[in-house]
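These notes are about the structure you will find just below.
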Amino acid sequence: MDLLNAPERSLRDEPNLALLEKQRAQADPRKILADRVEQLYAQLWIAILGAFAVGGIATFELWEPRYRGLMLFWWGLVLLTTLASTSLLVSYRRSPNKLDQAEQWLRWHGLAALAIGSVWGFAGAVFFPAHTGEQQVFLAFLLAGVVTGGIPVFSGSWPIFAVFAASVLLPFTYILATFGNRLFMELAALAPVFYAVNVAIAYRLASVFSTGYRLRYAYSELTDDYRILNKRLGDQLLELQEAGRQVEESGRKLALFADRAPIAVIEIGTDGCIQQLNPSAEALFGYAPAELLGKPIQTLVAPAAQAAFQQQWQTLVETGSPLLAQLMRNLRRDGLEVVCEWTVTPLVNPDGRVLSVVAQGRDMSSQLEAERMKKEFTSTLSHELRTPLTSIIGSLQLVNSGVMGGVDKDVLELTVIAERNGQRLLDLINDLLDVEKIRAGKFDITLESLAIDDVLKEALVLNRAFAERYRVELKAADSLPAACVCADRKRLLQVLTNLISNAAKFSPAGETVDIGLQQQSHSVRVSVQDRGPGIPADFRAKIFTRFSQADAATARQKGGTGLGLAICKHLIELMHGAIGFQDRPGGGTIFWIEIPMQDVSQTNKEN
């Protein structure tokens with residue numbers, strides 16, 4: 001028997017072909033199902049490790065202190081699903097009767113896929129609205145990669161992949177559709193198409209795998225001629241798995257190069273030549289695609305930045321490490337230079353070799369110019385306005401106090417108004433400078449051990465005359481508990497003065513502003529209670545934002561810049577405390593601050 005020609009004869013011999021079809025039809029469905037389940041569980045560990053790896057990347061990119069609790073909750077879900085999936089995988093490996101219980105194991109695997117997908121769907125639905133700009137684009141690309149990555153992992157059962165992909169995309173698509181942005185709505189409309197294409201690929205792969213398993217059992221019943229053919233089919237299955245990985249890579253590229261991405265996206269080959277670019281990149285640099293495709297990326301780099309760029313590019317290709325938030329001077333087609341911020345991500349194959357590089361960038365020229373103008377404005381406020389204004393106010397105070405001699409009543413009334421308005425202008429300038437220092441991270445806080453009751457008594461003395469102008473009485477609790485806190489005395493007095501003066505201004509004449517001090521387990525709470533009109537419901541969410549005033553007409557009558565509470569919030573947070581408000585029973589508002597006691601504050605300071 002000629003073994004080299006046996007496969008050809010087997011394929012062309014009609015009786016043998018009919019026998020093959022019969023054997024395939026008679027293959028035990030339970031064994032085929034068991035093999036599919038075995039394949040799914042063999043790849044489940046990839047999903048488990050992938051969830052950790054991709055979750056770590058997402059945490060690094062999206063981490064912000066204000067979302068710490070939400071991020072930790074999401075990681076709790078990741079750990080929970082990981083432990084459940086790992087337990088399921090271990091239980092399957094130890095099961096002595098995989099064949100008879102194949103359907104049950106398949107259902108449990110589907111539940112695991114649903115749980116893993118739901119965790120990523122939750123991440124998209126929660127973190128996408130909480131971030132802006134390139135972080136939203138990053139999250140969208142990440143979720144697209146997760147869905148596409150599920151094709152080879154769950155290809156043994158296309159319904160399981162369909163459930164997994166739906167649990168990822170459905171919450172995210174809903175957020176895109178309801179975000180209120182036209183671009184996001186269009187992307188939401190494309191999401192079902194993306195889902196259908198991936199499910200179709202998974203269906204096709206599952207069908208091929210199922211057919212392969214049937215053929216494998218059929219060939220096992222035939223002669224040695226068919227075993228050679230069986231080996232060929234095994235090779236084809238390996239090629240299909242490789243094709244699945246290539247589909248995954250193509251899916252990532254498709255997601256990255258979405259034509260309607262709001263930022264410039266450029267794909268660069270390892271030789272430094274441009275392979276693809278999106279319309280935003282065309283608009284940014286003024287080139288048509290045909291003018292840039294195949295050209296060196298240095299075409300878009302300003303001459304002065306060429307040397308530094310070449311060094312960074314060489315390091316990027318050699319190490320495969322991404323570059324984040326890199327500022328670079330770029331050259332447009334019309335010769336103008338623009339400063340862009342770039343995030344550069346190499347696409348690396350499983351062997352660690354860089355296949356291509358994806359660069360995402362946005363024009364920062366306007367933002368940098370705005371920062372420069374803001375610094376000039378701050379400098380003007382500090383030197384050109386505050387210094388002479390302080391002298392003017394001092395002179396008016398001398399005139400109004402009578403030190404310079406008697407002044408006519410009408411003239412005195414005008415100088416008092418001038419002093420009051422000058423002081424309001426000085427307060428506004430000081431508030432603006434404080435806000436700028438806080439944003440720049442240059443606000444000095446000197447923490448020391450303070451007796452909070454003494455600080456509170458001092459604040460009452462300093463603000464009593466102010467309250468009397470509004471015919472409001474300041475009243476502290478009969479007994480203030482003695483407790484030591486670690487805080488900045490000057491800044492703590494500034495916060496208390498702002499809260500007390502606000503309560504006095506907005507309280508009706510003849511009312512009382514109550515100041516309380518309460519010692520808690522690890523902190524001290526100071527409360528300021530007024531009988532004012534209260535905080536409108538639609539204003540509560542933005543009360544601590546800059547330039548926020550509930551009623552502009554009232555603010556003009558009472559005075560104020562809309563910066564005081566925003567500054568208070570920053571100051572209290574710098575002292576490791578908290579600030580908030582609540583309705584007062586019977587009408588009015590209670591503003592409170594909490595300052596950690598000395599031992600807790602010292603620990604926070606050291607941390």
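We count residues from 1, following the sequence as given.
Between M328 and C340, the closest side-chain pair of non-hydrogen atoms is not below 4.5 Å. Annotation: side chain of V354 is not in contact with side chain of L347 (no heavy-atom distance under 4.5 Å). Taking 4.5 Å as the limit, every side-chain heavy atom of E267 sits out of range of all side-chain heavy atoms of L277. Using a 4.5 Å cut-off on side-chain heavy atoms (C-beta onward), F161 and I201 make no contact. Looking at heavy atoms from C-beta onward, Y174 lies in side-chain contact with T178 at the 4.5 angstrom threshold. By the 4.5 Å heavy-atom criterion applied to side chains, I297 and V357 are not counted as neighbours. Looking at heavy atoms from C-beta onward, I160 lies in side-chain contact with L40 at the 4.5 angstrom threshold. Looking at W342 and I266, their side chains come closer than 4.5 Å, going by heavy atoms from C-beta outward.
Partners of F73 by ring pair (Phe, Tyr, Trp, His ring centres under 6.0 Å), not counting sequence neighbours, listed by chain and number: F122. Partners of W158 according to the ring pair (Phe, Tyr, Trp, His ring centres under 6.0 Å) rule, which considers only residues two or more places apart in sequence or in another chain, are Y203. Every residue two or more places apart in sequence or in another chain that forms a side chain to side chain donor-acceptor pair (under 3.5 Å) with R107 is listed here: Q104. By the ring pair (Phe, Tyr, Trp, His ring centres under 6.0 Å) test, F309 is found to be paired with no residue, residues two or more places apart in sequence or in another chain being considered. Applying the salt bridge (charged side-chain N to carboxylate O under 4.0 Å, His left out) criterion to R93, with sequence neighbours excluded, gives E38. Judged as a side chain to side chain donor-acceptor pair (under 3.5 Å), and not counting sequence neighbours, Q43 has no contacts. Partners of E573 by salt bridge (charged side-chain N to carboxylate O under 4.0 Å, His left out), not counting sequence neighbours, listed by chain and number: K569. Qualifying salt bridge (charged side-chain N to carboxylate O under 4.0 Å, His left out) partners for D235, counting only residues two or more places apart in sequence or in other chains: K231. Residues passing the side chain to side chain donor-acceptor pair (under 3.5 Å) test with W45, sequence neighbours excluded: none.
Pairs engaging residues 115-129 under the side-chain hydrogen bond (donor to acceptor under 3.5 Å, both in side chains) rule: none recorded [sequence neighbours left out]. A salt bridge (charged side-chain N to carboxylate O under 4.0 Å, His left out) check over residues 329-340, counting only residues at least two apart or in different chains, returns the pairs E291-R333, R329-E337, R332-D334.
A donor atom on one side chain and an acceptor atom on the other are found under 3.5 Å apart for Q312 and Q326. In this structure, a donor-acceptor pair under 3.5 Å is absent between the side chains of Q360 and T343. Under 3.5 Å, the side chains of Q314 and E318 contain a donor-acceptor pair of N or O atoms.
Nearest heavy-atom pair, I263 versus S280, reported as atom, atom and distance to 0.1 Å: O-CB, 3.4 Å. Considering all non-hydrogen atoms of both residues, P346 and G320 come closest at CG-O, 3.5 Å. Between P322 and T345, the closest heavy-atom pair is CB-CA, 4.3 Å. Between G269 and W313 the shortest heavy-atom distance is O-CZ2, 3.3 Å. Residues T299 and Y287 share a closest heavy-atom pair of CG2-OH, 4.1 Å. Between A264 and L284, the closest heavy-atom pair is CB-CD2, 4.0 Å.
Going from atom CG of L49 over to atom OG1 of T82 covers 9.0 Å, rounded to the nearest 0.5 Å. With rounding to the nearest 0.5 Å, the separation of CG in L336 from CG in L331 is 8.5 Å. With rounding to the nearest 0.5 Å, the separation of OH in Y92 from OH in Y41 is 7.5 Å. Atom CG in L169 sits 8.0 Å away from atom OH in Y195 (nearest 0.5 Å). To the nearest 0.5 Å, atom CG of residue L44 and atom CG of residue L88 are 6.5 Å apart. Note that the CG atom of L323 and the CG atom of L316 stand 5.0 Å from one another [nearest 0.5 Å].
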Decide yes or no on side-chain contact (heavy atoms from CB on, under 4.5 Å) for S356 and Q275, but give the supporting numbers first.
CA-CA 9 Å; S356 61; Q275 295 180 350; 4.2 Å; yes
Are V358 and V265 close enough, and set up right, to give a side-chain contact (heavy atoms from CB on, under 4.5 Å), and what steps lead you there?
CA-CA 7 Å; V358 175; V265 181; 3.9 Å; yes
Assess whether side-chain contact (heavy atoms from CB on, under 4.5 Å) is satisfied between L106 and S157, documenting all intermediate values.
CA-CA 9 Å; L106 182 64; S157 174; 4.3 Å; yes
N/O donor to acceptor pairs below 3.5 angstrom from side-chain atoms of residues 236-244, sequence neighbours left out:
unit_1	atom_1	unit_2	atom_2	d
E242	OE1	R245	NE	3.2
E242	OE1	R245	NH2	2.6

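When atom types are taken as modelled, the side chain of S95 and the backbone of S91 share no donor-acceptor pair closer than 3.5 angstrom. Using a distance-only test at 3.5 Å, with no hydrogens or angles considered, no donor-acceptor pair links the side chain of D351 to the main chain of R353. Remark: the backbone N or O of F164 is paired with a side-chain donor or acceptor of S167 at under 3.5 angstrom. Judged purely by atom type and a 3.5 angstrom limit, Q306 uses its side chain to pair as donor or acceptor with the backbone of V301.
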